[in-house]
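To start, the structure under review is shown below, and the notes come after it.
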Amino acid sequence: MRVICTISEIREIIREWKKEGFSVGFVPTMGYLHEGHKSLIEKASSENQRVVVSTFVNPTQFGANEDLNKYPRDLERDTNLCEKAGAHIMFVPSADEMYPTTPLTFVNVNILTEGLCGEKRPGHFQGVCSVVTKLFNIITPNRAYFGEKDAQQLAVIRQMVKDLNMDVKIIGCPIIRENDGLAKSSRNTYLSDEERKAALILNKSLKHANELLLEGEKNTEKIIESIKSFIISEPLAKIDYVQIVDSETLKSVDKIEKPVLIAIAVFIGKTRLIDNFTWSN
Ligand code: AMP
């Protein structure tokens, strides 16, 4: 596996791969990789002859008061994980390589970005869509792999690819969790021991919602209120949002009739964590 830092070098390698007729799978990440990322890379490696993983902490998708400067990084660890998972190239551009001049062009997906994380993190999805477009243009993958952990991101990217006729197949991959149920996240590393225990409230509250749904509850307001009171029973937790939306349109629904996404964002201390599940019956 090779670590490549410049756009011109990776383009050259991909040109050679395409000449050979190799299919290319791509996994965009922000690095500090864990088993969740690994599952995406392994899937890419099972479905493509060549696999590129990018690790780029994209400044344009962070808000002014977010964790851009303290986002964890460990290139050596990431390199080992990528190699073991079957990647051929790790693309690790600098911010200057990706943004040599201030960009004046952005990609925006409307409507789907109005609620959930889009509402709480203004500008976030513009940053994501713009950088993913740049990465797609650089890597020209046949397939790109995204986690369902970021369910809104996956829906937004699918829409962008469809609307802009991008020649890449988007593949969603299931959420990978710790043994105790906490969704794996690079940001889990911010948690103290006490916060790590408290963070279990995210998955527990979703399991609780799942039980209500299994019992036949259809009223989303009741389910939301029940999730909220579950979460606030944990003193270290502060709710950012609890929403139940149509799993395709991401619009809020009052009554559960079609598949829905139940999505939450919760601060545990200063760390913002997200989790979700899709319900269809
Ligand atoms: P990130 O590095 O956090 O930007 O994530 C890069 C990709 O990995 C995104 O498509 C995420 O949805 C995906 N991902 C992150 N955590 C997980 C997880 N626990 N399970 C599955 N996919 C994940």
Side-chain angles (χ1 to χ4, degrees), residues 4 6-8 10-15 17-19 21-30 37 40-41 43-44 47-63 89 91-93 95 97-173 245-251 259 261 263 274 276 278:
I4 303 291
T6 66
I7 295 167
S8 59
I10 194 156
R11 281 208 157 125
E12 186 56 43
I13 294 168
I14 285 169
R15 249 195 303 275
W17 287 353
K18 298 255 161 139
K19 263 195 228 155
F22 293 148
S23 57
V24 178
F26 175 45
V27 182
T29 81
M30 297 205 298
H37 301 110
L40 271 55
I41 304 167
K43 183 149 175 70
E47 296 179 346
N48 301 275
Q49 288 154 307
R50 291 291 179 271
V51 172
V52 177
V53 179
S54 66
T55 62
F56 178 57
V57 184
N58 173 38
T60 70
Q61 70 190 65
F62 285 78
I89 300 268
F91 180 48
V92 190
E97 181 71 10
M98 289 298 280
Y99 302 108
T101 55
T102 306
L104 303 178
T105 308
F106 300 95
V107 180
N108 275 303
V109 173
N110 296 331
I111 313 288
L112 293 182
T113 54
E114 283 174 2
L116 307 165
C117 291
E119 184 184 346
K120 296 292 175 176
R121 303 183 67 188
H124 170 68
F125 285 112
Q126 175 180 284
V128 169
C129 289
S130 302
V131 81
V132 169
T133 300
K134 282 163 74 73
L135 290 166
F136 283 177
N137 283 337
I138 294 164
I139 291 155
T140 63
N142 300 85
R143 299 180 190 84
Y145 297 79
F146 291 84
E148 288 166 2
K149 158 119 189 305
D150 299 271
Q152 187 176 22
Q153 170 172 276
L154 177 57
V156 166
I157 297 288
R158 282 194 201 284
Q159 185 74 35
M160 174 185 89
V161 163
K162 186 171 137 203
D163 287 347
L164 298 182
N165 303 92
M166 294 180 171
D167 194 11
V168 53
K169 187 163 189 257
I170 302 301
I171 295 165
C173 304
V245 298
D246 181 286
S247 64
E248 272 179 31
T249 64
L250 304 190
K251 288 212 166 113
L261 173 74
I274 57 172
N276 71 79
T278 299

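Being a predicted model, the structure only gives us computed values, none of them experimental.
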Quiz item: Has K18 got more than 12 heavy atoms of other residues, nucleotides or ligands less than 6.0 Å from its NZ?
Solution: yes
Quiz item: When the ring planes of F56 and Y99 are compared, do they come out parallel, tilted or perpendicular, using 30° and 60° as the limits?
Solution: tilted
Quiz item: Nearest 0.5 Å, what's the CZ-CG distance between R158 and L112?
Solution: 12.0 Å
Quiz item: Donor-acceptor pair, N48 side chain versus R50 backbone, under 3.5 Å?
Solution: no
Quiz item: Is a donor on one side and an acceptor on the other found under 3.5 Å between the side chain of Q152 and the backbone of L250?
Solution: no
Exercise. Kindly check if the number of other-residue, nucleotide or ligand heavy atoms within 6.0 Å of CD (Q49) is above 12?
Key: yes
Quiz prompt | Minimum heavy-atom distance between N58 and G127, given as atom pair plus value | solution = ND2-O, 3.2 Å
Quiz prompt | Minimum heavy-atom distance between C129 and V109, given as atom pair plus value | solution = SG-CG2, 3.9 Å
Practice problem: Locate the shortest heavy-atom distance separating M30 from V57; write the atom from each residue and the value. | Solution: O-CG2, 3.4 Å
Quiz item: Picking from K43, H37, E47, what satisfies side chain to side chain donor-acceptor pair (under 3.5 Å) with Y145?
Solution: E47
Practice problem: Mind listing the closest non-hydrogen atom pair of P28 and S54 along with its distance? | Solution: CA-OG, 3.3 Å
Quiz item: Are the side chain of S130 and the backbone N or O of V107 linked by a donor-acceptor pair below 3.5 Å?
Solution: yes
